[in-house]
Every structure is written in structure tokens, then in C-alpha cells.
Amino acid sequence: MMMFRLLAAILAALLISPAAATDAELARASGTPDIPGLKIVWLAPWGDVRNARPWRNIIVHQTEGPAGSARGGAQAQAKNPTRRGVTVWVETDGTVYWAVAENLVPTHGDGANRNDNKYIDNRPTYRQVVRDNSIGVEFAGNYPDVTTGPTEAQIAAWKILVRVLRARYDIPPGRVYAHNWIDYKDARYCEGCTLATMAREWGE
């Protein structure tokens, strides 16, 4: 029995250690690193993480663009980083576009104007989870039906991407927010809610 437990502990360590090491390495990386499990297009490379904005939150957005629109949105964002949009875009096939340097702030969010506690307790978010302290991730593809959820490929990419973002900027799971949780948005659907909920459930 003791030998079985020892073997189980060794196996668990072998299975867990590579992921932990990868997260730690990525948290310090610069340039255009290969992120295992992600197809990422670097329109803006990472710099020294110490020079990045002090991102404290992640805001999950969804755009009414059709499949294929993430690329165009990311390219336009890269040309004009502070326009309305986000730092990271995710296509329906799971391709991730890193569009904006980490020290720049795109115009996203509406100032955390939601204070009705409809989805979450808004006391810690009202006027506090804003573009200046929140990195935005945009998922494309909910057109023409805005209630269409993320694709399986987007969910698979998000599971890796959110872990990398959290490790790089030291953001806890409880600071991943859906756009609808912090701003009054389109009443037809809950923007980003499924993806933000997943990120919190995945936790550490």
C-alpha cells in the first residue's frame, strides 16, 4: 500500500510539474514565445513583464463579428492600439491574436458602470474594474445570432490563455470578469458570462 502511494505521488508530480514550470517560464518570457497548446499570432510581442501595465483584472468580451473577424479586428487594433477594442483577440478556430503591447491601454469597457448586483456583487467592481487596470480578451463569432456561445476551439484556447494571463500578471481567478458583469450591456445576451464563469471554475 505504501509503495502504491509513493508511485502515485511520483506520477502526480511528473504530470503536474511540466505545466507548472511552463506557467512560471511564460510569466517571465519576452518576445514571441511558443505557448504549448495555443496557435498565437504575435502582432505585438511581449516585452519585459516588469514594464507591462499593472493589470489587476481580465475582462472577457464577445463581438458580433462573423467567423474570421478576429484577425481583422486585431490588425486594426495593432495599427491604432488605443482605439475601442482589446489587447487579445480569439478567433472561432481558437487562433489567438496578441494585438497590443502590454504597456498600452485599448479603449474597452464602459467605466464599470454596473451596480445592480445582477450577476455578481458589484461593490468591489463599480467604477473600479476599468480599462486602465484590466486586460481585455475579445472572442469573435456570435453573428448573426448574438446568443451563440463560444466554439469548442475557443474554449480549449481560453483554458490555456487564461492560465497564461493569470500567471503572467498574477491575477487570481476571482478577478476574471464578463463584460456584462461590470457594465450595462446588450440585454439580448450575457456578454462573456460563459467564458468568465469557466475561468473561475477552472480556478488554480
Heavy-atom closest pair, residues [X] and [Y]:
{"X": "Ala99", "Y": "Ala74", "result": "CB-O, 3.5 Å"}
{"X": "Gly47", "Y": "Ser30", "result": "O-CB, 3.4 Å"}
{"X": "Asp110", "Y": "Asp183", "result": "N-OD2, 2.9 Å"}
{"X": "Glu91", "Y": "Gly68", "result": "OE2-N, 2.7 Å"}
{"X": "Arg50", "Y": "Asp48", "result": "NH2-OD2, 2.6 Å"}
{"X": "Ile171", "Y": "Arg175", "result": "CG2-CB, 3.7 Å"}

For the atom pair [atom1] ([X]) and [atom2] ([Y]), what is the distance rounded to the nearest 0.5 Å?
{"X": "Tyr97", "Y": "Lys39", "atom1": "OH", "atom2": "NZ", "result": "6.5 Å"}
{"X": "Asn180", "Y": "Asp186", "atom1": "CG", "atom2": "CG", "result": "8.0 Å"}
{"X": "Gln77", "Y": "Thr107", "atom1": "CD", "atom2": "OG1", "result": "8.0 Å"}
{"X": "Thr87", "Y": "Trp55", "atom1": "OG1", "atom2": "CH2", "result": "5.0 Å"}
{"X": "Asn51", "Y": "Asn103", "atom1": "CG", "atom2": "CG", "result": "7.5 Å"}
{"X": "Thr95", "Y": "Gln154", "atom1": "OG1", "atom2": "CD", "result": "10.0 Å"}

Run through the side-chain heavy atoms of Ile, Leu, Val, Met, Phe, Trp and Tyr, join any pair under 4.5 Å, and report what else lands in Leu104's cluster. Val100

Other hydrophobic cluster members with Trp181, side-chain heavy atoms of Ile/Leu/Val/Met/Phe/Trp/Tyr under 4.5 Å, chained? Ile59, Tyr119, Ile120, Val129, Tyr177, Ile182

Starting from Val96, can I reach Val49 by hopping between I/L/V/M/F/W/Y residues whose side chains sit under 4.5 Å apart? yes

Give a yes or no on whether Arg71 atom CZ has more than 12 heavy-atom contacts from other residues, nucleotides or ligands under 6.0 Å away. no

Can you tell me if OH on Tyr143 sees more than 12 non-hydrogen neighbours from other groups inside 6.0 Å? no

Using atom types as modelled and distance alone, determine if a side-chain donor or acceptor of Gln128 lies under 3.5 Å from a backbone N or O of Ala112. no

Trp89 side chain reached by Ser69 side chain, heavy atoms, under 4.5 Å: no

Answer yes or no on whether Arg168 is positioned over the face of Trp46, meaning its NZ or CZ is under 6.0 Å from the six-membered ring centre and within 45° of the axis. yes

